[in-house]
Amino acid sequence: MAKRVLSVLVVDDSAVVRQAATTILSQDPGMVVTVAADPYIALDKMGRSRPDVILLDIEMPRMDGLTFLRKIMTEDPIPVVVCSGLAAKGTATAIRALEEGAVEVIAKPQLNVRDFLHDSASTLIDVVREAAEVRVRRRTPIAPSVPMDWQRHTADVVLPPARRRTDRHAAADTIVAIGASTGGTEALRTILTTLPKDAPGIVVVQHMPERFTAAFAQRLDQICGITVKEATPGDRVVRGQALIAPGNRHVLIHRHGTEYEVELVDGPRVSRHRPSVDVLFRSVAQAAGPHAIGVLLTGMGDDGAAGLLEMKRAGATTLAQDEATSVVFGMPKEAIERGAVDRVLPLGGMTAAILNGTRSSAR
């Protein structure tokens, strides 16, 4: 079947980036590319022809990319891929862009941008194609001072009765492994912000570029009751903490006596990704067996499906996000079709299922 012809609007104040992005995306005969040097020009072009995907810079004159993104997502939602610099300010703003509705973020170095984009040509084309399949929803404007209006996403969460508080730094008796991709930043925020401070130890793979994962972890740590940090070699999986796999590194879990410990490795991409959800899930299946819960959230492709099946075969409880609440149903759907999933749940039901599941597996 022929690929769908996509209209892509590149919004960037750099002529070099606009030219390079046009050259790269035009390699795909199914993409028609137009460019705009700033959001005002973009809005004019969008009024004449609505694009399927927008590739958006953040730091631009006249109107910054974040303001433009908010306007798009509250008035006429279109899938937006953010292309942001790697400086500290750029990474923090890119994470905010994901909160505001961007479906993906691509790292853009400060120097040699043209060479970087050409070296990443296939990735850029894949990301834009995948973004076109995302179901973006109109968003309610939120005040800039409010970090995240997560309560509207979790109104239907029913938490189990309060449990006796335990040492937050005690070794995890049950480990929760979570995998996510497109749309996963918001899904993870929804889950992690509703967990109690003595929640089970959690390890997360969210497909995201190098250095952005640290900013993402810091952002979550600010709004969660549990501690959230980017994983480092030798980290213990402990209660009251979630570890986020760093971009461009696989994360594995090993058991040492009664404790679980993190290992980070480079290695080849698995299921097209590094970090890969499959790598994490397989290691958890081997290290924890029935003392684990696997959770597969929204995302494109099939990363995590094979690993989740291994977890199930090892006796773990396995959960997948349902189609109605997934931005992209690809990863959960693949796992469901392979028979890897015990329960398919809406996003709002995940927290209670995780807490109930960890109590059962700890017995």
Side-chain angles (χ1 to χ4, degrees), residues 8-14 17 20-21 24-25 39 51 53-60 64-70 72-73 77-110 113 116-117 119-134 136 139 147-148 179-189 204-220 228 230 244-249 269 272-277 297-301 303 327-328 331:
V8 184
L9 176 59
V10 178
V11 186
D12 199 301
D13 63 324
S14 167
V17 171
I24 291 164
L25 295 175
V53 180
I54 296 174
L55 184 64
L56 178 65
D57 186 22
I58 291 294
E59 297 179 8
M60 290 181 289
D64 66 273
L66 202 57
T67 300
F68 180 50
L69 174 64
R70 290 193 195 106
I72 294 169
M73 300 310 295
I78 296 171
V80 174
V81 175
V82 166
C83 193
S84 178
L86 285 171
K89 181 180 178 182
T91 55
T93 305
I95 298 306
R96 186 61 188 270
L98 290 169
E99 292 181 356
E100 297 285 355
V103 300
E104 192 63 90
V105 59
I106 297 175
K108 182 174 67 176
Q110 300 300 106
V113 177
F116 168 80
L117 288 173
D119 290 344
S120 306
S122 61
T123 299
L124 182 60
I125 291 171
D126 287 345
V127 166
V128 170
R129 277 252 164 231
E130 291 175 359
E133 302 301 319
V134 172
V136 289
R139 301 173 72 88
M148 170 61 187
S181 189
T182 308
T185 53
E186 185 168 341
L188 285 166
R189 191 179 307 109
V204 176
V205 166
Q206 163 68 52
H207 296 155
M208 189 177 286
E210 191 172 5
R211 294 182 63 174
F212 285 88
T213 44
F216 179 53
Q218 291 168 7
R219 183 68 165 155
L220 286 172
V228 184
E230 185 179 56
I244 309 293
N248 208 34
R249 304 289 300 279
R269 293 177 180 272
R272 297 176 54 231
H273 294 284
R274 187 174 59 235
S276 165
V277 182
L297 303 176
T298 172
M300 184 75 69
D303 188 25
V327 172
V328 180
M331 286 163 49

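At least one donor-acceptor pair under 3.5 Å links the side chain of Thr213 to the backbone N or O of Gly247. Without hydrogens or angle criteria, Gln206 side chain to Ser181 main chain gives a donor-acceptor distance under 3.5 Å.
With sequence neighbours left out, Thr123 forms a side-chain hydrogen bond (donor to acceptor under 3.5 Å, both in side chains) with no residue at all. When the side-chain contact (heavy atoms from CB on, under 4.5 Å) test is applied to Ala102, the partners found at least two apart in sequence or on another chain are Leu69, Val82, Ala97, Leu98. With sequence neighbours left out, the salt bridge (charged side-chain N to carboxylate O under 4.0 Å, His left out) criterion links Arg249 to Asp266. For Thr298, the side-chain contact (heavy atoms from CB on, under 4.5 Å) criterion is met by Ala187, Gln321, Ser326, Val327, Val328, not counting sequence neighbours. Listed by chain and number, the residues in a side-chain contact (heavy atoms from CB on, under 4.5 Å) with Asp126 are Arg272 (sequence neighbours excluded). Here Ala132 pairs with Arg4, Leu6, Val53 under the side-chain contact (heavy atoms from CB on, under 4.5 Å) rule; sequence neighbours left out.
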Verdict with supporting geometry, Arg219 and Arg96, side-chain contact (heavy atoms from CB on, under 4.5 Å): CA-CA 9 Å; Arg219 183 68 165 155; Arg96 186 61 188 270; 3.6 Å; yes
Before you tell me yes or no, could you show the steps for Val81 and Val103 under side-chain contact (heavy atoms from CB on, under 4.5 Å), namely the whole-Å CA-CA distance, both residues' side-chain angles and the distance that decides it to 0.1 Å? CA-CA 6 Å; Val81 175; Val103 300; 4.3 Å; yes
Met300 vs Glu104, test: side-chain contact (heavy atoms from CB on, under 4.5 Å). Steps then yes/no. CA-CA 11 Å; Met300 184 75 69; Glu104 192 63 90; over 6 Å; no
How far apart are the C-alpha atoms of Asp57 and Val17, what are their side-chain angles, what is the distance that settles it, and do they pass the side-chain contact (heavy atoms from CB on, under 4.5 Å) test? CA-CA 9 Å; Asp57 186 22; Val17 171; over 6 Å; no
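Summarising the geometry, atom CG belonging to Leu124 is positioned 4.5 Å from atom CG belonging to Leu25; distances are rounded to the nearest 0.5 Å. The CD1 atom of Ile24 sits 10.0 Å away from the OG atom of Ser122 when rounded to the nearest 0.5 Å. In this structure, CG on Leu188 lies 7.0 Å from CG on Leu220, to the nearest 0.5 angstrom. With rounding to the nearest 0.5 angstrom, the CE atom of Met60 is 9.5 Å from the OG1 atom of Thr67. Residue His273 holds its NE2 atom at 13.0 Å from CE of Met208, rounded to the nearest 0.5 Å.
Salt-bridge annotation for Arg189 and Glu186: absent, with no side-chain N of the basic residue lying under 4.0 Å from a carboxylate O of the acidic one.
When Thr185, Val105, Ile106 are each tested for a side chain to side chain contact (heavy atoms under 4.5 Å, CB included) with Phe212, only one passes: Val105.
Counting heavy atoms from C-beta outward, Val205 and Ser276 have side chains that stay 4.5 Å or more apart. The side-chain heavy atoms of Ser84 and Thr93, taken from C-beta on, include no pair separated by under 4.5 Å. Side-chain contact between Ile58 and Asp64 is absent, with no heavy-atom pair separated by less than 4.5 Å. Side-chain contact between Met331 and Thr182 is absent, with no heavy atoms from C-beta onward closer than 4.5 Å.
Among all heavy-atom pairs drawn from Ile78 and Pro51, the shortest one is CG2-O, 3.7 Å. The shortest non-hydrogen separation linking Ile244 to Ala217 is CG1-CB, 3.9 Å.
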